[in-house]
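Structure, as structure tokens:
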Amino acid sequence: MAVQVPSRQLFIDGEWREPILKKRLPTINPATEEIIGNIPAATAEDVELAVAAARRALSRNKGKDWATAPGAVRAKYLRAIAAKVTERKTELAKLEAIDCGKPLDEVVWDIEDVAGCFEYYADLAEGLDAKQKAPVSLPMETFKSYVLKEPIGVVGLITPWNYPLLMATWKVAPSLAAGCATILKPSELASITCLELAEVCREVGLPPGVLNILTGLGPEAGAPLASHPDVDKIAFTGSSATGSKIMAAAAQMVKPVSLELGGKSPIIVFEDVDLDKAAEWTAFGCFWTNGQICSATSRLIVHENIAREFLDRLVKWTKNIKISDPFEEGCRLGPVVSGGQYEKVLKFISTAKSEGATILSGGVRPEHLKKGFFVEPTIITDVTTSMQIWREEVFGPVLCVKTFSTEEEALELANDTHYGLGAAVISNDLERCDRVSKNLQAGIVWVNCSQPCFCQAPWGGNKRSGFGRELGEWGLDNYLSVKQVTQYVSDEPWGWYRSPSKL
């Protein structure tokens, strides 16, 4: 399918601007390995311009244009963005599919979620006004206290390539709703739709400098943004290794960060389940988004009594997944995002095999696809807990399997990880599901499903999966600073010191 990729510049202060060093990066279609366009490559010099523009946007008209404007004013822009995204849904979905390799049907769903997320935070922006001056109950009647919620300031948002526009929206929408001025740095592997978001914002007349979008490499654009002294907060989604570097850079200025990092999430399947329903959710939990999802339930922990029959069923489900160009009708698994990611996934599989694991299914390029970064959905058994495949995030369509005999053993295996983003439990015994949910060391637990995500519910992890929560009201709180205001209301003097007038 012919898709015209627009040629864009950086978006700074409401205008398209060529990068100061005039550098650009190629954009590669992962399904064909062809160059389909290019994106501007920002550097520290462009970061300086964007930060200055964001600072001006915050202070313009003493903040009344944005930061201290009524929430209803910001909500109007957020709703306009949502409407424009909906209007351009088909075009945006095609651009994202050709950029990152996700099946077109899946990307359409993502773009619908983008519009829904902007709508949701428009509502929260309006509701923010009513929550201002929330009273605080005090033990002394001579004082009254209330709380103000204020935008944290200029925020840097660094987002990944697996949900290019949606992950950006998870940060952009609440930061704008809160009244912050923002600088978005999307992944260089999939930036096209984020640049289109800039065009949407330009079309709806978003005040200049409120949202700036810099594409480019992490070391050249992301690092200067994270360490910039005039950026008040960094919100990052990506690898744990990069998150650690961002945290270290922010620590030099005691700058707040929120981090949504990697995962190695478990899915526990008990012996009382409907095998087909459990098999489909297990496949979906690991192979959705071409296996490239931080919360992927990529460690299957299945009860020993049903393990053989369940795995037979699961293999049949995975062999029925249509692997193809993302634009083909019925595609359910596209390519991984890049050549580098393709090699990395295959290396994980070969290492597992060399360590003694068994490749039960998949693990190779599909025979019918000679071009593109395609990997068959892979199931690996005979895994030990010391193996790399059990411990490290693959970020590809690879599932590893262990069996258990007791609930306690299942939990021990599930929690045997440095990560703590997601976890799933599948059982018809809902009391058991409740018990297991409470004992899973994860920020998100799914019961009898895997991966559903709603912008109203909090999202985030524990341990090396990061901290802070996105989405819901928690997502808005990420970008708000809380100020206590306390007033002395008595007509009587305080009376702590002896008055000089009475000497």
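What you see is a predicted model, and the numbers here were worked out from it, not measured in a lab.
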For this session: Mind running side chain to side chain contact (heavy atoms under 4.5 Å, CB included) on Ser338 and Ile28 for me, showing each step along the way?
Result: CA-CA 8 Å; Ser338 68; Ile28 296 170; over 6 Å; no
Problem set entry | Verdict with reasoning, Leu399 to Phe287, per side chain to side chain contact (heavy atoms under 4.5 Å, CB included) | CA-CA 8 Å; Leu399 179 73; Phe287 304 140; 4.2 Å; yes
Exercise. Side chain to side chain contact (heavy atoms under 4.5 Å, CB included) between Trp446 and Ser265: does it pass, once the steps are laid out?
Worked result: CA-CA 11 Å; Trp446 295 291; Ser265 302; 5.6 Å; no
For this session: Kindly determine whether Glu412 and Glu409 satisfy side chain to side chain contact (heavy atoms under 4.5 Å, CB included), including the steps that lead there.
Result: CA-CA 5 Å; Glu412 190 175 326; Glu409 185 187 0; 5.5 Å; no
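Residues Lys171 and Thr237 have side chains that bring a donor and an acceptor to within less than 3.5 angstrom of each other. A donor-acceptor contact under 3.5 angstrom links the side chains of Ser427 and Arg432, judged on distance only. When only modelled atom types and interatomic distance are considered, Trp161 and Asp99 share no side-chain donor-acceptor pair under 3.5 Å. For Trp459 and Glu260, the side-chain atoms include at least one donor-acceptor pair closer than 3.5 Å.
Classified by interplanar angle (parallel below 30°, tilted 30° to 60°, perpendicular above 60°), the ring pair Tyr342/Phe373 is tilted.
Cys294 is not listed as a side-chain neighbour of Leu261, based on a closest heavy-atom distance of 4.5 Å or more. For the pair Asp429/Asp272, a side-chain contact is recorded, criterion being any heavy-atom separation below 4.5 Å from C-beta on. Side-chain contact between Pro103 and Asn290 is present, with at least one heavy-atom pair separated by less than 4.5 Å. Contact of the Val231 side chain with the Val47 side chain is not registered, since no non-hydrogen atoms from C-beta on lie closer than 4.5 Å. A heavy-atom distance below 4.5 Å is found between the side chains of Glu199 and Trp16. Residues Thr32 and Lys371 fail the side-chain proximity criterion, which asks for heavy atoms closer than 4.5 Å. The shortest distance between side-chain heavy atoms of Lys102 and Pro326 does not fall below 4.5 Å. Under the 4.5 Å side-chain criterion, counting only non-hydrogen atoms from C-beta, Thr282 is not in contact with Trp317.
No donor-acceptor pair closer than 3.5 Å links the side chain of Glu188 to the backbone N or O of Leu25. Between the side chain of Thr318 and the backbone N or O of Pro377 there is no donor-acceptor pair closer than 3.5 Å. Not one N or O on the side chain of Arg464 forms a donor-acceptor pair closer than 3.5 Å with the backbone of Thr417. A donor-acceptor pair under 3.5 Å is formed between the side chain of Asn415 and the backbone N or O of Gln441. Proximity of a side-chain donor or acceptor of Glu96 to a complementary backbone N or O of Leu165 within less than 3.5 Å is detected. Between the side chain of Thr182 and the backbone N or O of Val210, at least one donor-acceptor pair lies under 3.5 Å. In terms of modelled atom types and a separation under 3.5 Å, the side chain of Glu470 and the main chain of Pro174 share no donor-acceptor contact. Counting only distance, with no hydrogens or angles, the side chain of Glu18 and the backbone of Gln9 share no donor-acceptor pair below 3.5 Å. Gln292 places no side-chain N or O within 3.5 Å of a backbone atom of Gly396 that could act as its donor or acceptor partner. Judged by distance alone, the side chain of Glu393 and the main-chain N or O of Lys264 form no donor-acceptor pair under 3.5 Å.
Taken from CD in Glu271 to CG in Asn428, the straight-line distance is 10.0 Å, to the nearest 0.5 Å. In this structure, Thr358 OG1 and Asp382 CG are separated by 3.5 Å, a value rounded to the nearest 0.5 Å. Here the NZ-CG distance, from Lys319 to Leu314, works out to 11.0 Å after rounding to the nearest 0.5 Å. Here the CD1 atom belonging to Ile389 is positioned 8.0 Å from the OG1 atom belonging to Thr351, to the nearest 0.5 angstrom. Here the SG-CD1 distance, from Cys194 to Ile39, works out to 10.0 Å after rounding to the nearest 0.5 Å. With rounding to the nearest 0.5 Å, the separation of CD in Glu33 from CD1 in Ile36 is 13.0 Å.
The nearest pair of heavy atoms linking Ile380 to Val383 is O-CG2, 3.7 Å. Contact between Ile444 and Pro458 at its shortest, heavy atoms only, is CG1-O, 4.5 Å. A pairwise comparison of heavy atoms in Gly443 and Asn462 identifies N-ND2, 3.6 Å as the closest pair. Across Gly285 and Ser450, no two heavy atoms sit closer than the pair CA-OG, 3.3 Å. The minimum heavy-atom distance between Thr193 and Leu92, with the atom names listed, is CG2-O, 3.5 Å. Scanning all heavy atoms of the two residues, the minimum distance from Ile323 to Pro366 falls at CG2-CG, 3.9 Å.
Here the options are Thr289, Ile321, Val375, the test is side chain to side chain contact (heavy atoms under 4.5 Å, CB included), and the partner is Leu333; only Ile321 passes. When each of Asp274, Ile267, Val447, Val302 is paired with Ile426, the side chain to side chain contact (heavy atoms under 4.5 Å, CB included) condition holds for Ile267 and for no other.
Residue Met247 places its CE atom among 12 or fewer non-hydrogen atoms of other residues, nucleotides or ligands, all under 6.0 Å distant. Within 6.0 Å of NZ on Lys245 lie no more than 12 heavy atoms contributed by other residues, nucleotides or ligands. Under a cut-off of 6.0 angstrom, the local environment of NZ in Lys277 is sparse, with at most 12 non-hydrogen atoms contributed by other residues, nucleotides or ligands. The environment of Glu473 atom CD is sparse: at most 12 non-hydrogen atoms of other residues, nucleotides or ligands sit within 6.0 angstrom. Atom CD of Gln4 has 12 or fewer heavy atoms from other residues, nucleotides or ligands within 6.0 Å. Atom CZ of Arg435 has more than 12 neighbouring heavy atoms from other residues, nucleotides or ligands inside a 6.0 Å radius. Remark: Gln456 CD is packed, more than 12 non-hydrogen atoms of other residues, nucleotides or ligands lying under 6.0 Å away.
Taking a cutoff of 4.0 Å between a charged side-chain nitrogen and a carboxylate oxygen, Lys347 and Glu343 do not qualify as a salt bridge. For the pair Arg8 and Glu196, the salt-bridge criterion is met [side-chain N within less than 4.0 Å of a carboxylate O]. In this structure, Glu119 pairs ionically with Arg79, as a charged nitrogen and a carboxylate oxygen lie closer than 4.0 Å. Note on Arg299 versus Asp416: no salt bridge recorded, every NZ/NE/NH1/NH2 to OD/OE distance being 4.0 Å or above.
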